[in-house]
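Notes follow the structure.
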There are 2 protein chains.
Amino acid sequence: MARSHPRRLARKPADRYHHGDLRRALVTEAVRTIQAKGVDALTLRAVGQKLGVSRTALYRHFADKSALLAAVAAEGFRTLRLQLVRSWEDGGRSAEAFNAMGVAYVTFAITHPSHYRVMFGGFVRDGTTDLELAQEGAGAFQALVDALVTLQRNGLLRQDEPFLLARFIWAIVHGLAMLIIDRRLGPGAPEPDELVRFALARLRTGIFI
Amino acid sequence: MARSHPRRLARKPADRYHHGDLRRALVTEAVRTIQAKGVDALTLRAVGQKLGVSRTALYRHFADKSALLAAVAAEGFRTLRLQLVRSWEDGGRSAEAFNAMGVAYVTFAITHPSHYRVMFGGFVRDGTTDLELAQEGAGAFQALVDALVTLQRNGLLRQDEPFLLARFIWAIVHGLAMLIIDRRLGPGAPEPDELVRFALARLRTGIFI
DNA sequence: ACCTGAACACCGTTCAAGT
DNA sequence: ACCTGAACACCGTTCAAGT
């Protein structure tokens, strides 16, 4: 009965230090804020406040705001890779599964537009070569390369240099995703699915006569 | 001989008001700063100072920073359109000229990475539908559509719906441009020219067997 | 080691006031 | 109409100090 007013929120948590993995909690909270209100709305002060931690506690785990954003981007690439691999494997590593990968890629971007922008929008400071970010980015790319190599082995795809081919495919889905997110395709634009389907169909036949 | 120290810079310009078109000067200076030091380095205070104007003079011509960035983006789309049209016409509106347009697009982005990012990076406030920006963006897109329609008329291109086809092509060059700018293609990536050439070659044959 | 509050330098924006 | 300086609210970051 030491507390006289149990209904009131305590000003300080029982344990003064953050319990568990503060670094992880910071990234999660940052992702949540970015998804909900956009990158511009992300402030270190608000993130700290949300976690019941001072606004400078973050500097124990990240060099600066850019480093936090790099972690957010890395997290995004990990999620993206998992979804790509799932589409590929669930579809039986077939040409149809390749199709599903393309749709999954664009769907991820449309579903998490702000997060996707952090992954690609140049928010991470230029000089920085964040190791985790580089690895996760390369990992997502590798999922695409693996699928292409498999298709080539099965005689379904031209024998182009796999990395060059992968960069080309990546540019297509990335371009589609970005244009859709930025609402640059105009009001009369077709649905994302239709765009992806058209792109894949033209990759099948070429566009020239 | 009223001035006792001619060598010293005058604190104030002879005429207290900015001469000529301040709006135009603000955009030009913003473009210059962005190109030289990136979007993050753009501050309204610095722009004003560079033009010998107070830091709030800008608000006579733009609602806020986002509106200035919209004008910067619109300017970028205009320049891009001019370069696309020039490549198309100088190449004789041929299939080869179409090729040149693709190279010109990616070249523009690589030559003006920060400016290009402003055009697409979601810097312009979401709610805003800046008229000038919408028009210039549509104009650049139309240059691509016109070229495609001409190629179709000449029997060089499949008779797909031109706008759908244009969005597909746009996604490809935009995706290539963004990945290159963001240095996402890795250290072993081929030169931009090679990427564009490969993309166009695969658009010719398709990628499947 | 990890966290804190106070302080610093900086920014976009507003506003009453000047010509 | 166009421009100005002062002021406001906000932010990332630093730092000496606490446990």
Got [X] and [Y] here, is their nearest side-chain heavy-atom distance under 4.5 Å?
X	Y	answer
Leu203(B)	Ile169(B)	yes
Phe120(B)	Met178(A)	no
Phe198(A)	Asp160(B)	yes

Atom-pair distance ([atom1] on [X]; [atom2] on [N]), nearest Å:
X	N	atom1	atom2	answer
Gln49(B)	dC3(D)	CD	P	17 Å
Arg60(A)	dG18(D)	CZ	P	16 Å
Leu68(B)	dT13(C)	CG	C1'	14 Å

Going by atom type alone, with no hydrogens or angles, which donor-acceptor pairs under 3.5 Å involve a side-chain atom of residues 51-58 of chain A and a protein atom two or more places apart or on another chain?
residue: Ser54(A); atom: OG; partner: Thr56(A); partner atom: N; Å: 3.2
residue: Ser54(A); atom: OG; partner: Thr56(A); partner atom: OG1; Å: 3.2
residue: Ser54(A); atom: OG; partner: Ala57(A); partner atom: N; Å: 3.4

Exercise for the section: Could you give me the CA-CA distance, side-chain angles and deciding distance for Leu68(A) and Tyr59(A), then say whether side-chain contact (heavy atoms from CB on, under 4.5 Å) is met? Expected result: CA-CA 10 Å; Leu68(A) 174 63; Tyr59(A) 289 91; over 6 Å; no
Report all side-chain donor-acceptor pairs from residues 33-42 of chain A shorter than 3.5 Å, counting only partners two or more places apart or in another chain.
residue: Thr33(A); atom: OG1; partner: Glu29(A); partner atom: O; Å: 3.0
residue: Thr33(A); atom: OG1; partner: Glu29(A); partner atom: OE2; Å: 3.4
residue: Gln35(A); atom: NE2; partner: Thr111(A); partner atom: O; Å: 3.2

Completion exercise
Comparing nearest nucleotides in DNA chain D, the 5'-proximal residue of the pair Ala57(B), Leu58(A) is Ala57(B)
Exercise for the section: Toss me the dot-bracket line for DNA chain C: Watson-Crick and G-U wobble, both under 3.5 Å, 5' to 3', using | for pairs to another strand and [ ] for crossers. Expected result: ||.|||||...|||||.||
Problem - salt bridge (Lys or Arg N to Asp or Glu O under 4.0 Å) partners of Arg24(B), counting only residues at least two apart - result: Glu75(B)
Problem - Under 4.0 angstrom between His61(B) side-chain N/O and dC3(D) OP1 or OP2 - result: yes
Where do N or O atoms of nucleotides 8-12 of chain C meet protein N or O atoms at under 3.5 Å, pair by pair?
residue: dG12(C); atom: OP1; partner: Leu44(B); partner atom: N; Å: 3.4
residue: dG12(C); atom: OP1; partner: Lys65(B); partner atom: NZ; Å: 2.9
residue: dG12(C); atom: OP2; partner: Leu44(B); partner atom: N; Å: 3.1
residue: dG12(C); atom: N7; partner: Arg45(B); partner atom: NH1; Å: 2.3
residue: dG12(C); atom: O6; partner: Arg45(B); partner atom: NH1; Å: 3.4

Exercise for the section: Looking only at side-chain atoms of Thr56(B), point me to the closest of dC15(D), dC3(D), dG5(D). Expected result: dG5(D)
Between side-chain atoms of residues 99-107 of chain A and protein atoms elsewhere (two or more places apart, or another chain), which donor-acceptor pairs fall under 3.5 Å?
residue: Tyr105(A); atom: OH; partner: Tyr116(A); partner atom: OH; Å: 2.7
residue: Tyr105(A); atom: OH; partner: Trp170(A); partner atom: NE1; Å: 2.9
residue: Thr107(A); atom: OG1; partner: Val103(A); partner atom: O; Å: 2.6

